[in-house]
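Below is one structure, written out as structure tokens; the observations come after it.
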Amino acid sequence: MAIVTVWTFDAPGHPTERPGFRKAATQAAIDRFGFVRRGDSLNVDERLLDIDGLTREEYLTFRVWVPHPQAFAGYSVDGQRLQVMAGEYDARLTIHEFNAIVGAVRCVQLVDGDSRGGDLWIKIEEYDELANFPDVENPQRLDVRDSRVTAPEEL
């Protein structure tokens with residue numbers, strides 16, 4: 001797949017207003033939507049862009065530390081609600097559909113967070129401190145330690 005240069009941007013009401021999570025877009029998308037381009041650019045695989053030329057939410061993978069068990073509960077691929085065990089995880093801001101009637105909801109996906117194997121999805125709406133993920137106000141419950149560009153093969 002092709003590597004594409006994307007630029008971070010400012011747009012009213014868009015996640016780029018938070019310092020920890022900068023969405024990016026191609027120059028054509030920035031022009032089309034009337035965004036204000038920032039000076040920082042990034043080269044990403046085109047599979048990390050949506051149809052509009054914006055980076056998908058999952059384009060960044062964060063390294064997080066959950067210091068205590070029982071701090072969060074998430075949902076497994078089979079829909080079971082499970083407690084997140086203490087430990088370090090890769091995490092992505094994403095959307096996940098648990099119920100077709102309700103539709104997709106915003107989640108923090110913990111890669112290999114299910115102790116039985118697989119990922120866990122924590123619904124952001126269930127935890128106030130995740131509303132601005134990766135900017136988490138209480139590192140005693142969740143500490144975001146690092147971030148990197150996600151490899152498309154990981155998705």
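Here the structure is a predicted model, which is why all the values come from computation and not from measurement.
Using a 30° and 60° split on the angle between ring planes, Phe72 and Tyr127 fall in the perpendicular class, above 60°. Ring planes of His96 and Phe98: perpendicular class, angle over 60° (limits at 30 and 60°).
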Query raised in the report: side-chain contact (heavy atoms from CB on, under 4.5 Å) between Phe35 and Lys23: does it pass, once the steps are laid out?
Result: CA-CA 12 Å; Phe35 296 152; Lys23 284 200 74 167; over 6 Å; no
**Report entry** side-chain contact (heavy atoms from CB on, under 4.5 Å) assessment of Trp121 paired with Thr94
**Finding:** CA-CA 9 Å; Trp121 287 266; Thr94 188; 4.0 Å; yes
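Although no hydrogens or angles enter the test, the distance criterion places no donor-acceptor pair under 3.5 Å between the side chain of Asp143 and the main chain of Arg145. Not a single donor-acceptor pair under 3.5 Å links the side chain of Ser41 to the backbone N or O of Thr5. Side-chain atoms of Tyr89 do not come within 3.5 Å of backbone N or O of Gln109 as any donor-acceptor pair. Thr150 contributes a side-chain N or O that, together with a main-chain N or O of Glu58, makes up a donor-acceptor pair within less than 3.5 Å. No donor-acceptor distance shorter than 3.5 angstrom exists from the side chain of Asp52 to the backbone of Leu54, with no hydrogens or angles considered. Proximity of a side-chain donor or acceptor of Asp119 to a complementary backbone N or O of Asp112 within less than 3.5 Å is detected.
Heavy-atom minimum distance, Glu46 versus Val4: CB-CG2, 3.8 Å. Residues Ala71 and Arg141 approach most closely at O-NH2, 2.7 Å, considering heavy atoms. For the pair Arg32 and Gly53, the tightest heavy-atom approach, listed with the atom from each and the gap, is NH2-N, 4.4 Å.
Here the straight-line distance linking atom CZ of Arg81 with atom CD1 of Ile122 works out to 9.5 Å at 0.5 Å rounding. Rounding to the nearest 0.5 Å places OG1 of Thr55 at 8.0 Å from CG of Leu48. The structure places CZ of Phe133 at 11.0 Å from CD of Glu57, a figure rounded to the nearest 0.5 Å. In this structure, CG on Leu120 lies 10.5 Å from CD on Gln80, to the nearest 0.5 angstrom.
If you check the side chains of Asp40 and Thr8, you find a donor sitting under 3.5 Å from an acceptor.
Cluster membership for Phe62 and Val149, using ILVMFWY side-chain heavy atoms within less than 4.5 angstrom, is shared. Under the 4.5 Å side-chain heavy-atom criterion for Ile, Leu, Val, Met, Phe, Trp and Tyr, Trp7 and Phe33 are members of the same hydrophobic cluster. Cluster membership check: Leu142 shares its hydrophobic cluster with Leu82, using side-chain heavy-atom separations under 4.5 Å among Ile, Leu, Val, Met, Phe, Trp and Tyr. The cluster map of Ile, Leu, Val, Met, Phe, Trp and Tyr, joined by side-chain heavy atoms under 4.5 Å apart, puts Ile95 and Leu130 in different clusters.
Between Val77 and Asp114, the closest side-chain pair of non-hydrogen atoms is not below 4.5 Å. Contact annotation: the side chain of Leu155 approaches that of Arg92 to within less than 4.5 Å [non-hydrogen atoms, C-beta and beyond].
Ion pair Glu88/Arg63 flagged as a salt bridge, since at least one NZ, NE, NH1 or NH2 atom sits closer than 4.0 Å to an Asp/Glu carboxylate oxygen.
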